[in-house]
Amino acid sequence: MSMDEINKIAGAAIAALLVFLLLGFFSGKIFHAGEQGAHHGEETLAFALETGEEEEAEPEEEISLAQLASTADAARGEKVFNKCKACHKIEDGSNGVGPHLWNVVGREIGSVGGYGYSGALGGMDGTWDVAALDGFLESPSGWAPGTAMGYAGLKDAADRMAVIAYLNEAGDAPIDLIESAGGLEEAAAVEESTEEVAAADTDATPEEPTEEAASEDASATEATEEAASEEAVEEETAATEDTGETTAEAVTEEAVTEEAATEEASAEEASSEEASEEA
């Protein structure tokens, strides 16, 4: 094969490749322009209705700590506390990675002897009341910046209150969680609400008659039956007396009638005898 033939073949191949590349380039431009025209700009659904008002999400009803404390489940808290056992123990004086939690509810913050607190808790005043424990359990680093406790926290409010209830009952000096959570006024309000619910339930439930009331009802029924019986006897007696009087009157009238008839017969007989004598 000569050099000219090789050059022709190579030129034809290069020309074919160039045509292929140009076709791909221009076809991409055409179709891409169509896609841009179809999708660029704001898209609006055909059935979308614009009201001009944005829907506002309804705010979730906040539950107070006192309400959570009134329904806290210590048994649930014991299960949740399994997440804390790696660092904390409840037994008095048994410090681990963290201080022991014996009687922690209500004690002063950073007061466990023999434990080296971080600066965040070691110099903090106050007590571990319900609000403090709830805030610390929700976010230790957020409630006490600089604390050595690396736990992320419990996000469920019911879980936090359940743990507090469990720790409160585990010690030997439990406190009133409702009072600690909301003060005396809210505790009184919760108690009053509970009493109102109980009273409503009592009013809705019909009272069962007592034995004394049942006995009185039975006595009244018996007295009524006796009175009815006596009345029936009196009516029967009166009826009998009326019947007897009527019968006596009838007998008397009958006797008078018979006597009159006898006298009349005697008179007729006497008249007959006189007539005979005259004859």
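By convention here, the first residue in the shown sequence is residue 1.
Distance check, rounded to the nearest 0.5 Å: SG of C87 to OH of Y151 gives 10.5 Å. Atom CD1 of residue I14 and atom CG of residue L17 lie 8.0 Å apart, to the nearest 0.5 angstrom. We find the CG-CG distance between L137 and D159 to be 10.5 Å, quoted to the nearest 0.5 Å.
Remark: side-chain polar atoms of E138 are not paired, donor with acceptor, to backbone N or O of G135 under 3.5 angstrom. In this structure, N168 contributes its side chain and V105 its backbone to no donor-acceptor pair below 3.5 Å. No donor-acceptor pair under 3.5 Å is formed between the side chain of S180 and the backbone N or O of L177. Side-chain atoms of Y115 do not come within 3.5 Å of backbone N or O of G110 as any donor-acceptor pair. Side chain of T147 to main chain of A120: no donor-acceptor pair is present (N/O by atom type, distance under 3.5 Å, no hydrogens or angles). Under a 3.5 Å cut-off, the side chain of K89 and the backbone N or O of G96 do not form any donor-acceptor pair. Put simply, the side chain of N82 gets close to the backbone of K79: a donor and an acceptor are under 3.5 Å apart. Listed for the H100 side chain is no donor-acceptor partner under 3.5 Å among the backbone atoms of H88.
For the pair L154 and K83, the minimum side-chain heavy-atom distance is below 4.5 Å. Using a 4.5 Å cut-off on side-chain heavy atoms (C-beta onward), V104 and V112 make no contact. With a 4.5 Å cut-off on side-chain heavy atoms, L167 and I90 count as touching. Contact annotation: the side chain of M124 never approaches that of Y117 to less than 4.5 Å [non-hydrogen atoms, C-beta and beyond]. Looking at M161 and V130, their side chains come closer than 4.5 Å, going by heavy atoms from C-beta outward.
Between W102 and E91, the shortest heavy-atom contact is CB-C, 4.1 Å. Minimum interatomic distance between K155 and R160 (heavy atoms only, all atoms of both residues): O-NH1, 3.2 Å. Among all heavy-atom pairs drawn from D73 and A162, the shortest one is O-CB, 3.3 Å. Nearest approach of A165 to A72, heavy atoms of both residues: CB-CB, 3.7 Å. Of all heavy-atom pairs spanning I178 and D176, the tightest one is N-OD1, 3.1 Å. Nearest heavy atom pair, residue T127 against residue A132, reads O-CB, 3.7 Å.
When the shell of 6.0 Å around CG of D125 is examined, it contains 12 or fewer heavy atoms from other residues, nucleotides or ligands.
The cluster map of Ile, Leu, Val, Met, Phe, Trp and Tyr, joined by side-chain heavy atoms under 4.5 Å apart, puts I63 and V163 in the same cluster.
Aromatic pair W143/W128: ring centres closer than 6.0 Å.
Under a 4.0 Å N-O distance rule, the pair R107/D129 does not qualify as a salt bridge.
Ring planes of Y166 and F81: tilted class, angle from 30 to 60°.
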